[in-house]
Amino acid sequence: KKYAAELKFCSQVLKELQSKKYEAFSYPFLLPVDPVALNCPSYFKVIKKPMDLSTIQAKLNNNEYETGDEFEEDVRLMFRNCYKFNPESSPVNAMGHRLEMIFDKKWAE
Ligand SMILES: Cc1ccc(Nc2c(-c3ccc(O)cc3)nc3c(C)cccn23)cc1
């Protein structure tokens, strides 16, 4: 069942991840990866299910999440994509870990 309170918490957590105070390391996740703009033609070969915060926002607004678990699944997918495509030592990989730590703290609240 769709629980209003649960989905309200999801949008609060999402707003936090999108807030300006984290923009130094959240910017790779705010919009869908653009392989042309970023010059990474292999992206859609490597990443079969792209996900980003704006897509999650749209799904939330369109009532596409039945539960908080489904919301969390997309957030974790976004970070897994980042760690798969961006090597362990790369700046964007580190940004993913930083933003995921913030997600973990908020999600556990
Ligand atoms: C050739 C190349 C190599 C790495 C990247 N990574 C990357 C990503 C990215 C984010 C999430 C994700 O799942 C995959 C990639 N976002 C960026 C940005 C915003 C600027 C520079 C690099 N960026 C881009 C091009």
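The structure displayed is predicted, hence computed values, not measured ones. Numbering of ligands and ligand atoms starts at 1, following listing order.
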- request: Give a yes or no on whether K48 atom NZ has more than 12 heavy-atom contacts from other residues, nucleotides or ligands under 6.0 Å away.
  value: yes

message: Tell me whether the count of non-hydrogen atoms from other residues, nucleotides or ligands lying under 6.0 Å of CZ in R98 goes above 12.
response: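 Not buried by this count: 12 neighbours or fewer within 6.0 Å.
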
Expected rows: ligand 1 N/O, protein N/O, dist below 3.5 Å:
unit_1   : atom_1 : unit_2 : atom_2 : d
ligand 1 : 6 (N)  : N86    : OD1    : 2.8
ligand 1 : 13 (O) : Y43    : OH     : 3.4
ligand 1 : 13 (O) : C82    : N      : 3.4

- request: Evaluate the side-chain proximity of M101 to H97: yes if any heavy-atom separation is below 4.5 Å, no if none is.
  value: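 They are not in contact (no side-chain heavy atoms under 4.5 Å apart), so the answer is no.
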
query: So Y83 and F79, would you call those rings parallel, tilted or perpendicular, with 30° and 60° as cut-offs?
result: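 Plane angle under 30°, so parallel.
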
Test: E16 and K21 ion pair at under 4.0 Å: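 Here E16 pairs with K21 in a salt bridge, since their nearest N and O are under 4.0 Å apart.
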
- prompt: Hey, is D104 close enough to R76 for a salt bridge, meaning N to O under 4.0 Å?
  reply: yes

